[in-house]
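The structure appears right after this line, and notes come after that.
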Amino acid sequence: MMPQYVVMAPVVVHGARRVAGGGWGDIDLAFALILPSLLLRMAHNQIWISAARYQTARSKHRIVDRGIEFDQVDRERGWDDQIILNGLFFYVGYLLIPSARHLPAWRADGAAAMALLHAGPVEFLYYWFHRALHHHFLYSRYHSHHHSSIVTEPITSVIHPFAEHMVYYFLFAIPMLTTVYMGNASVLGFVLYIAYIDFMNNMGHCNFELVPKWVFQLFPPLKYLMYTPSFHSLHHTQFRTNYSLFMPFYDYIYNTMDKSSDQLYQSSLRGTEETPDLVHLTHMTDLQSAYHLRIGFASIASKPSNRSMWYMWTLWPLAWLSMVFAWVYGSSAFVVERIKLKKLTMQTWAIPRYNFQYGLNWERESINDLIEKAILDADARGVKVLSLGLLNQAKQLNGGGELFRQKYPKLRVRLVDGSGLATAVVLKSIPHDAKQVFLQAGPSKIACATASALCEKGVKVIMNPKKEYDMLKSQIADSRASYLKNSSNHMPQIWLVDSIDDKEQKMAPQGTIFIPISQFPIKKIRKDCTYLSTPAMKIPETMQNIHACENWLPRKVMSAWRIAGILHALEGWTMHECGDAMMDAEKAWSAAISHGFVPLTKA
């Protein structure tokens with residue numbers, strides 16, 4: 001990952017040599033801040049990315065109500081390249097321009113000169129260059145790459161072809177180089193100017209309005225000196241208006257301001273309250289899952305979580321910090337995603353807790369309180385269905401959601417654990433000609449329903465050890481129990497597993513097909529066996545705003561437990577599927593197929 005950072009090695013080596021030769025006193029401020037300023041810029045940009053994604057999932061001030069897809073995320077994953085290139089240019093400039101060395105920390109006159117040079121030459125030249133880029137010759141060859149993103153994110157602002165970047169670097173260098181040659185440049189002046197560019201770029205490409213009306217009421221001329229996200233959003237949807245960089249006055253002068261700019265600003269600021277039809281309540285899994293959330297790192301969230309990647313370990317300090325922050329300050333579920341299917345609007349909420357915390361006895365009450373708070377919030381807002389994801393439906397935690405149904409018998413929101421569809425997906429994953437399977441699982445709802453359905457079809461279900469066998473047999477109807485066997489000698493090649501350790505996996509015969517029946521994947525240690533996905537299905541092509549992977553699942557694949565909640569809302573089913581209650585597996589499967597969900601495997 002990120003091999004491009006190696007190009008900064010000369011800066012590091014140069015600095016190390018100077019420190020070794022003359023000590024820290026031999027490094028002047030201009031050189032010393034090259035690398036730290038790059039790190040600060042990356043942190044600044046990432047804060048904007050996370051904040052914008054959080055706001056577009058929950059805010060009523062969205063400007064363009066359309067989704068982002070994986071191709072946009074892939075196109076924009078190199079947003080930090082321009083920061084690295086910019087750092088190299090600063091380093092080369094430091095080496096080649098003697099007057100750029102040993103700059104003072106601050107010069108007010110230099111900062112004022114840079115502000116005037118930006119408002120004058122930079123904004124003017126950018127405006128006309130931008131208009132030229134929209135000529136069909138340059139647009140088709142260069143600028144169309146940037147405009148491929150109709151719905152913008154902060155990182156969209158820096159996604160340009162290399163040639164465009166070079167022109168922008170030249171334009172932004174005008175104030176800095178001019179003050180260097182005038183002799184009133186300063187290190188802090190440069191840092192603040194770059195920070196201003198990043199701030200305005202990120203803000204202007206947010207897909208929600210955030211500039212309050214009182215700002216322009218307090219100082220009316222500001223509307224000519226600062227654009228808003230809605231102002232620039234019109235440029236991405238209309239293409240032929242609002243060309244200005246950050247200061248719209250050139251659009252006013254040359255009559256290229258979109259006539260609907262003020263109206264869109266007002267309507268976006270006013271916003272429209274929205275109540276989701278469905279909420280999926282999930283939580284973080286391991287420590288690294290914090291930045292795999294959609295509001296974490298966009299490029300990581302767009303791929304299935306993979307703890308084996310070497311660079312993931314470099315993020316452990318951040319992971320620990322986020323865990324402590326969530327533990328101390330996480331007093332309620334937070335919104336991480338908003339998706340649409342047909343007329344159905346869905347949100348994903350996350351409980352700010354991790355897998356290991358669900359296993360702590362002294363944490364269970366507080367976790368249940370968080371889940372209860374989310375359920376009551378959804379009910380008060382008029383949400384129709386709330387699906388319980390991952391350990392939020394654990395039997396030992398809240399009886400699979402039954403605790404809340406009994407505590408609040410008048411709940412209008414339907415609680416769904418998804419066990420019916422999950423069972424159906426497991427059954428459909430088993431080869432149709434299978435005569436026997438090995439069930440390595442405790443007496444869960446899905447294990448019981450799967451075993452019962454297989455016994456009904458005359459498929460032998462073999463279990464070991466006897467304790468689990470006895471517990472499950474007590475839940476199987478007598479007419480079907482004869483197909484449930486306890487044996488340690490005969491091992492079929494189809495294993496249905498809940499949780500399984502390495503030693504147990506090694507007992508499986510060569511060519512075994514491992515089929516998970518739980519929400520968590522199996523550790524793959526056997527190269528001579530086949531591992532299927534946790535129960536899941538491919539989503540319909542009409543589902544919008546899917547640009548992050550659900551934990552370990554591939555792109556555009558959704559867990560059966562989450563899909564079950566969607567089906568509940570689409571079909572208008574009124575039953576709670578929690579506790580011992582379970583949706584008929586065939587009914588749930590038929591509904592999923594009819595709404596465009598596609599099986600991952602064909603039995």
Side-chain angles (χ1 to χ4, degrees), residues 1-20 24 26-54 76-95 100-101 103 105-106 153-160 165 168-169 172-173 176 185-203 205-206 287-288 290-293 295-301 309-325:
M1 177 190 172
M2 301 180 289
Q4 65 269 35
Y5 288 96
V6 177
V7 301
M8 296 305 296
V11 185
V12 178
V13 173
H14 185 177
R17 288 183 61 185
R18 292 183 66 170
V19 170
W24 288 101
D26 191 45
I27 299 183
D28 71 90
L29 189 60
F31 181 84
L33 285 181
I34 290 177
L35 286 177
S37 65
L38 299 189
L39 296 176
L40 286 173
R41 290 186 67 192
M42 291 175 186
H44 179 203
N45 280 266
Q46 181 57 51
I47 290 170
W48 271 105
I49 295 166
S50 297
R53 287 191 157 203
Y54 175 65
E76 297 179 349
R77 71 173 59 250
W79 60 268
D80 52 344
D81 290 351
Q82 51 87 29
I83 297 178
I84 299 169
L85 183 59
N86 195 237
L88 282 177
F89 283 155
F90 274 111
Y91 177 59
V92 172
Y94 177 85
L95 295 178
R101 302 169 198 165
L103 295 175
W106 174 249
E153 294 195 286
I155 48 178
T156 307
S157 62
V158 293
I159 304 304
H160 302 283
H165 274 301
Y168 299 144
Y169 288 144
F172 296 141
M176 291 183 282
S186 65
V187 175
L188 191 55
F190 286 2
V191 171
L192 291 177
Y193 181 53
I194 297 299
Y196 164 76
I197 292 170
D198 285 343
F199 180 89
M200 295 300 291
N201 257 333
N202 285 319
M203 183 198 73
H205 286 80
C206 288
L287 290 182
Q288 297 169 344
Y291 38 77
H292 188 266
L293 292 172
I295 59 175
F297 296 118
S299 59
I300 294 178
M309 298 298 289
W310 69 266
Y311 61 82
M312 298 296 278
W313 296 100
T314 65
L315 300 173
W316 266 99
L318 180 60
W320 274 99
L321 183 63
S322 64
M323 184 273 291
V324 172
F325 183 84

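All values derive from a computational prediction rather than experimental measurement.
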Residues passing the side chain to side chain donor-acceptor pair (under 3.5 Å) test with His165, sequence neighbours excluded, are none
Is the shortest side-chain heavy-atom distance between Ile83 and Asn45 below 4.5 Å? yes
Check step by step if side-chain contact (heavy atoms from CB on, under 4.5 Å) holds for Leu103 and Phe190. CA-CA 10 Å; Leu103 295 175; Phe190 286 2; 4.0 Å; yes
Derivation of the side-chain contact (heavy atoms from CB on, under 4.5 Å) call for Phe90 and Leu38: CA-CA 10 Å; Phe90 274 111; Leu38 299 189; 5.8 Å; no
Is it the case that the side chain of Gln46 and the backbone of Gly296 share a donor-acceptor pair, with hydrogens and angles ignored and the cut-off at 3.5 Å? yes
CZ of Phe325: more than 12 outside heavy atoms within 6.0 angstrom? no
Closest non-hydrogen atom pair between Ala100 and Tyr94, with its separation: O-CD1, 4.1 Å
Is Arg101 reaching over with its side chain to a backbone N or O of Leu95, donor-acceptor style, under 3.5 angstrom? yes
Over all atoms of both residues, closest heavy-atom pair of Asn202 and Ser157: OD1-OG, 4.1 Å
Measuring from Tyr196:OH to Leu192:CG, what's the distance to the nearest 0.5 Å? 12.5 Å
Please say which of Ile197, Ile84, Ile194 ends up in a side chain to side chain contact (heavy atoms under 4.5 Å, CB included) with Arg41. Ile194
Does the side chain of Asn86 pick up a donor-acceptor pair with the side chain of Tyr168 at under 3.5 Å? no
Nearest heavy-atom contact between Val7 and Pro10 is O-CD, 3.1 Å
More than 12 foreign heavy atoms under 6.0 Å from CH2 of Trp320: is that the case here? no
Output all residues satisfying side chain to side chain donor-acceptor pair (under 3.5 Å) with Tyr193, sequence neighbours left out; order by chain, then residue number. His118
Compare all side-chain heavy atoms of Ile49 with those of Trp79 and state whether any distance is below 4.5 angstrom. yes
Residues forming a side chain to side chain donor-acceptor pair (under 3.5 Å) with Trp48, sequence neighbours excluded: His44
Close side-chain approach of Thr156 to Glu153, heavy-atom, < 4.5 Å: yes
